[in-house]
Amino acid sequence: MTQISSDISKAIELLNKEDVVAIPTETVYGLAGNIYSEKAIRKIFEVKQRPLFNPLIVHIPSIDHLEKIVREFPVKAQKLAEAFWPGSLTLILPKRLNIPEIVTGGKDTVGVRIPNHPVTLSLLKQLSFPLAAPSANPFNRISPTSSDHVKAYFENTLSMVLEGGECKNGIESTIIGFENNEAILYRLGGISVEDIEKIIGKIQIRNISETTPNAPGMLAKHYAPKTKMYLLDDVDEFIENNESKRIGVLRFKGKLKTTRFEHIEILSKSGDLKEAASKLYSTLHKLDSLNLDLIVAERFPDVGLGKSINDRLERATK
Ligand code: TXA
Ligand code: MG
């Protein structure tokens with residue numbers, strides 16, 4: 001049975017024994033293991049039912065650990081790290097040879113970030129190795145933003161969830177890599193494109209790649225609830241002929257004209273995209289648990305974190 005506990009020393013003990021522990025971060029909970037333990041990394045892939053070619057993000061406690069992980073640290077990457085670490089930014093950089101292939105899906109690069117969560121930073125500082133951690137959801141399911149979400153997914157397969165409260169940002173890290181010295185954004189996430197561009201100027205966005213994904217977080221279907229879900233520009237325009245269907249709504253803000261919906265979730269009454277992003281997954285988890293026939297989500301404004309939210313909603317409805 002999975003234990004939810006705030007006991008960091010218990011987590012250290014399990015991780016030192018090459019076990020896997022779910023850890024809190026400011027984005028989503030992760031399934032963490034020692035990057036140098038093949039046993040731990042294999043367990044992560046197994047528990048998550050994730051294909052082995054899909055690489056994991058390496059989590060480090062501070063910037064001085066970076067040189068043990070990567071061979072190069074381009075100037076643009078340095079500027080981004082300075083601006084956003086600890087925080088919701090993953091940098092894809094050329095890996096050192098000692099970083100196991102199983103962590104990087106056989107790639108010559110490795111994704112790294114310093115998470116911004118006091119519990120996990122404290123844990124990382126006390127370990128003698130970095131932690132590889134994908135989001136703590138089964139492949140293709142909604143990411144977890146609370147310890148309860150993780151426990152519900154992995155009750156019988158995970159020894160421990162390290163308690164860290166609700167994830168403050170609630171959406172995965174923004175992923176940026178470099179090709180011929182050009183920065184490329186591979187996954188929209190917790191740091192907006194606009195905020196990135198303030199630091200390094202215009203960035204190429206290559207967020208959609210369905211056939212040969214650079215970051216398989218970009219595979220078309222992802223982050224999906226079990227309930228059938230549609231994404232619309234205006235929920236009030238939604239037409240469903242079957243009057244008996246129980247329909248739930250997910251939208252940004254404001255009142256609906258239509259009254260035929262069973263359940264309505266507003267992500268931010270005050271119209272704050274950061275608040276909306278932080279509640280996105282927990283609200284999807286909730287809607288998915290209500291046994292509705294259908295969820296209709298309304299597209300968010302296509303600016304700032306609205307872009308990241310729309311990206312996740314599109315993937316959830318594919
Ligand atoms: O916020 C986050 O990033 C969370 C927390 C736990 O840190 N982690 C997370 O991991 O979202 P995951 O595995 O669910 O998504 C990481 C994405 C995957 O799509 C993976 O393919 C991509 O990062 N990735 C990791 N290393 C990569 C690499 N070397 N090259 C290209 N993509 C990479
Ligand atoms: Mg994920």
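For ligands, and for the atoms within them, numbers begin at 1 and follow the listed sequence. Just so you know, residue 1 is the first one in the sequence shown, and it goes up from there.
Near Pro55, with a cut-off below 4.0 Å to any heavy atom, the atoms of ligand 1 are 20 (C), 21 (O), 24 (N), 25 (C), 26 (N), 27 (C), 28 (C), 33 (C). Close contacts of ligand 1 with Pro134, meaning ligand atoms under 4.0 Å from a residue heavy atom, involve 10 (O), 12 (P), 13 (O). For ligand 1, the atoms lying closer than 4.0 Å to a non-hydrogen atom of Thr27 are 1 (O), 2 (C), 4 (C), 5 (C). Which parts of ligand 1 touch Lys107 is read off a 4.0 Å heavy-atom cut-off, strictly below it: atoms 28 (C), 29 (N), 30 (N), 31 (C). Listed by number with element, the atoms of ligand 1 under 4.0 Å from a non-hydrogen atom of Ser173 are 1 (O), 2 (C), 3 (O). For ligand 1 and Gly30, the ligand atoms under 4.0 Å from any heavy atom of the residue are 6 (C). Residue His59 has at least one heavy-atom neighbour below 4.0 Å for each of these atoms of ligand 1: 5 (C), 6 (C), 7 (O).
Rounded to the nearest 0.5 Å, atoms CG (Leu91) and CD1 (Ile175) are 10.0 Å apart.
Within the 4.0 Å heavy-atom cutoff, Lys95 does not count among the residues contacting ligand 1. Not a single heavy atom of Thr104 sits under 4.0 Å from any atom of ligand 1.
A donor-acceptor contact closer than 3.5 angstrom links the side chains of Thr90 and Ser173. No side-chain donor-acceptor contact under 3.5 Å links Ser143 and Arg312.
Put simply, the side chain of Asp288 gets close to the backbone of Thr227: a donor and an acceptor are under 3.5 Å apart.
Of the N or O atoms in Arg113, one or more lie within a sub-3.5 Å distance of an N or O in ligand 1. Considering backbone and side-chain N/O of Thr25, none are found under 3.5 Å from N/O of ligand 1.
Within the 2.8 Å limit, Ser135 places at least one N, O or S atom next to the Mg ion (ligand 2).
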**OP:** Report the C-alpha distance between Glu18 and Tyr36 in whole Å, list the side-chain angles of each, state the deciding distance to 0.1 Å, and finish with yes or no for side-chain hydrogen bond (donor to acceptor under 3.5 Å, both in side chains).
**Re:** CA-CA 9 Å; Glu18 304 184 87; Tyr36 302 114; over 6 Å; no
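Residue-environment remark: CZ (Phe261) exceeds the threshold of 12 foreign heavy atoms within 6.0 Å. For Gln49, the CD atom counts as loosely surrounded, since its 6.0 Å shell holds 12 or fewer non-hydrogen atoms of other residues, nucleotides or ligands.
Residue contacts with ligand 1, taken as heavy atom pairs separated by less than 4.0 Å, involve Glu172 via backbone and side-chain atoms alike. In Arg50, the part holding a heavy atom less than 4.0 Å from any atom of ligand 1 is the side chain. Contacts between Ala133 and ligand 1, counted as non-hydrogen atom pairs separated by less than 4.0 Å, involve the backbone only. Counting heavy atoms under 4.0 Å from ligand 1, residue Thr109 touches it through both backbone and side chain. Counting heavy atoms closer than 4.0 Å to ligand 1, residue Ile175 contributes side-chain atoms (C-beta onward) but none from N, CA, C or O.
Annotation for Ile44 and Ala32: closest pair CD1-C, 4.0 Å, computed over non-hydrogen atoms.
Legend: residues meeting salt bridge (charged side-chain N to carboxylate O under 4.0 Å, His left out) with Lys48, ordered by chain and number and at least two apart, are absent. Residues satisfying the side-chain hydrogen bond (donor to acceptor under 3.5 Å, both in side chains) criterion with Asp293, sequence neighbours excluded, are absent altogether.
Within the 4.5 Å cutoff, no side-chain heavy atoms of Leu162 are placed close to those of Tyr29.
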